[in-house]
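Heads up: the structure comes next, in structure tokens.
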Amino acid sequence: MLKLIKRFNYRDLIYALACVVFIVAQVWLEMTMPQYMNKITVLIETPGSEMADVWKAGAMMLLCSLGSVTASVITAVISARLGSNLGFQLRGSLFTKVQSFSMEEIGNFSTASLITRTTNDIQQVLMFLILGLQMLIRAPITAVWAICKISGQEWQWSLATALSVLLIVSVVSVCIALTLPKAKRMQKLTDDLNRVTRENLNGLKVVRAYNAEKYQEGKFEQANEALKRTMLFQQRTMAFMMPSMMLVQSGLMLSVYWIGAALLGGVNSPEGRIALFGNMMVFSQYGLMIVMSFMMLVMPLIMLPRASVAAKRINDVLDTVPSIRDGKSSEGKEGVVGEIEFKNVSFRYPDAEEDVLHDISFTAKKGETVAFIGSTGCGKSTVINLVPRFYDATEGDVLVDGVNVKDYDRRSLRNKIAYVSQNAILFSGTVKSNIAYGDNGREAPSDEDVADAAETAQATEFIESLPEKYDDYVAQGGANFSGGQKQRISIARAIARKAEILIFDDSFSALDYKTDRILRKTLDEKCGDTTRLIVAQRIGTIRNADRIIVLDEGRIAGDGTHDELMKNCEVYQQIALSQLSQEELA
């Protein structure tokens, strides 16, 4: 928790100091009121007292009460501002940190957990700061001040107060010890609930198509029930505290009056009785404040276990050192542009038992089209994911423009690359904002660039038919477009980037054969100087590539043109004959 509080800036620290000042002022005003109550009591019991003095003391009590309320309101406003500022900073820091993560770190935390940490965990911390810190600061000040006020009074009253405090501390300690492990488990269960919900929403079409609603409801109920049981245990345990506090508080008041009655019986003089009665009234108020101080600690202590777990989870993300570090180079070797070279590259996913790529070596020159084909799971996508450094090679070197990708500043490296993912990803906005998406280190694509890219990607026809054309709305994830339309917009986005290297990760799978053929032909004409890496399952998509690399269980099983591979690569022959007849291949 302290590590998160250290993220306050100087202005927030000034607000925090002001908050403490107003809390002290509030406590001082509340501590002053019992003294006026004692004065009023003495005045009423003393014969010949003026009514004006009673009204004057009452007015001072009223002013102290109003001042205390004002200080309390100001404290609450400042605390809310502090909490909001910290929430703003934490959400920004978490988002920025996650942006720097490689796929390895994202896989380690899981998407569902990262979402929970950015939302629910931060909310838990803010609730503790806004409500809990006020009480955590106020309670010790009030307790110490009240103890100083009653020091020197009858020892019997002090003993009763001490026993009451001891009982409160014992009850709170037991409850916290029981609920802390549950608080840790609760955040993990929230992650599970988030994961099940996301899976159901993302796969809603499949769920309905297979009539699996009951199965999904069962999964959700299981996660929900586990979270409910844990929360009920925590809430029931904490609910035991408040009645216990009230019992101790009432018992203390009865003890003070009972002891006071006994002491009054031993005093003979009227003046002594009046003084002792006034002291009893004051002591009862201060003793109540001491007990209330420990009761005030209950609320933050209820929130503290879950808030501390949430703070630790947030710090786990913020303290994670990304496995992929930036290099210092921003440019490739002089005179080398659009060249990719793999030198004896092997790769193993984190925590995997064996490599998924073995000794991969090839070179793609400027303007060449290099295609990758092979059976499912042979490592095609993994190869191209090493170029923009989504992962780093376990062994060997990946070079772009003659420089190892590990030596590049990632921003500079990715400015050289335009990437089309296997699943077409669109962002909420407009068609134009999706095509002109991203920062390539140069001027943003103009309207003309966007239109040219759409034309090359064979997307112009359906875009022009939209009501608002390029300004038409795109829903989250492109839900209002078909698979082929989303794929063409994604391809247009890559083309509009005007990068040295184009990477297509099975990005033509949703296109019909005619559109696929026209698009590839247009790419050859308009992007002839751009190096292209293409992962595909269809022979028709890659048969005209300058070079085709056949992968089999992570190894290169063939390397050459379509005609060469048809003669000397058995794996390629099997793939080709499974898709096309001999006549079509000829």
Residues T382, Y349; criterion side-chain hydrogen bond (donor to acceptor under 3.5 Å, both in side chains); working and verdict: CA-CA 10 Å; T382 304; Y349 283 106; 2.8 Å; yes

Side-chain contact test, heavy atoms from C-beta onward, threshold under 4.5 Å: evaluate it for F347 versus N385 and give yes or no. no

In terms of heavy-atom contacts, does OH of Y215 have more than 12 from other residues, nucleotides or ligands at under 6.0 Å? no

If you count every heavy atom of other residues, nucleotides or ligands that lies below 6.0 Å from F88 atom CZ, does the total exceed 12? no

Going by an N to O cut-off under 4.0 Å, is there a salt bridge joining D546 and K365? no

Any V387 side-chain heavy atom under 4.5 Å of F342 side chain: yes

Under 6.0 Å from the CD atom of Q574, do we count more than 12 heavy atoms belonging to anything else shown? yes

Between the side chains of D471 and K432, is the shortest nitrogen-to-carboxylate-oxygen separation below 4.0 Å, so that they form an ion pair? no

Is the NZ atom of K343 crowded by more than 12 outside heavy atoms at less than 6.0 Å? no

Does either side chain, that of D505 or that of S381, offer a donor lying less than 3.5 Å from an acceptor on the other one? yes

Can you establish whether the number of heavy atoms outside E570 located under 6.0 Å from its atom CD is more than 12? no

Those residues that, when tested against Y419, pass ring-ring contact (aromatic ring centres under 6.0 Å, His included) (two or more places apart): F390

Under 4.0 Å between a Lys/Arg side-chain N and an Asp/Glu carboxylate O for D524 and R520? no

Below 4.0 angstrom, N of the basic side chain to O of the carboxylate: do R555 and D359 qualify? no

Full working for side-chain hydrogen bond (donor to acceptor under 3.5 Å, both in side chains) between T190 and N120: CA-CA 9 Å; T190 304; N120 183 270; 4.8 Å; no

Under 3.5 Å, sequence neighbours excluded: what are the donor-acceptor pairs made by side chains of residues 453-465?
from: T456; atom 1: OG1; to: D452; atom 2: O; distance (Å): 3.0
from: Q458; atom 1: NE2; to: E455; atom 2: O; distance (Å): 3.1
from: Q458; atom 1: NE2; to: T456; atom 2: O; distance (Å): 3.4
from: Q458; atom 1: NE2; to: T522; atom 2: OG1; distance (Å): 3.4
from: T460; atom 1: OG1; to: E455; atom 2: N; distance (Å): 3.1
from: S465; atom 1: OG; to: F462; atom 2: O; distance (Å): 2.6

If you count heavy atoms of other groups shown closer than 6.0 angstrom to CZ of R410, is the number above 12? yes

Ion pair check, D355 and R348, cut-off under 4.0 Å: yes

Heavy-atom neighbours of F109 CZ exceed 12 at 6.0 Å: yes

Are I539 and H562 packed together at the side-chain level, in the sense that at least one heavy-atom pair is separated by less than 4.5 angstrom? yes

Are E564 and K567 within salt-bridge range, i.e. N to O under 4.0 Å? no

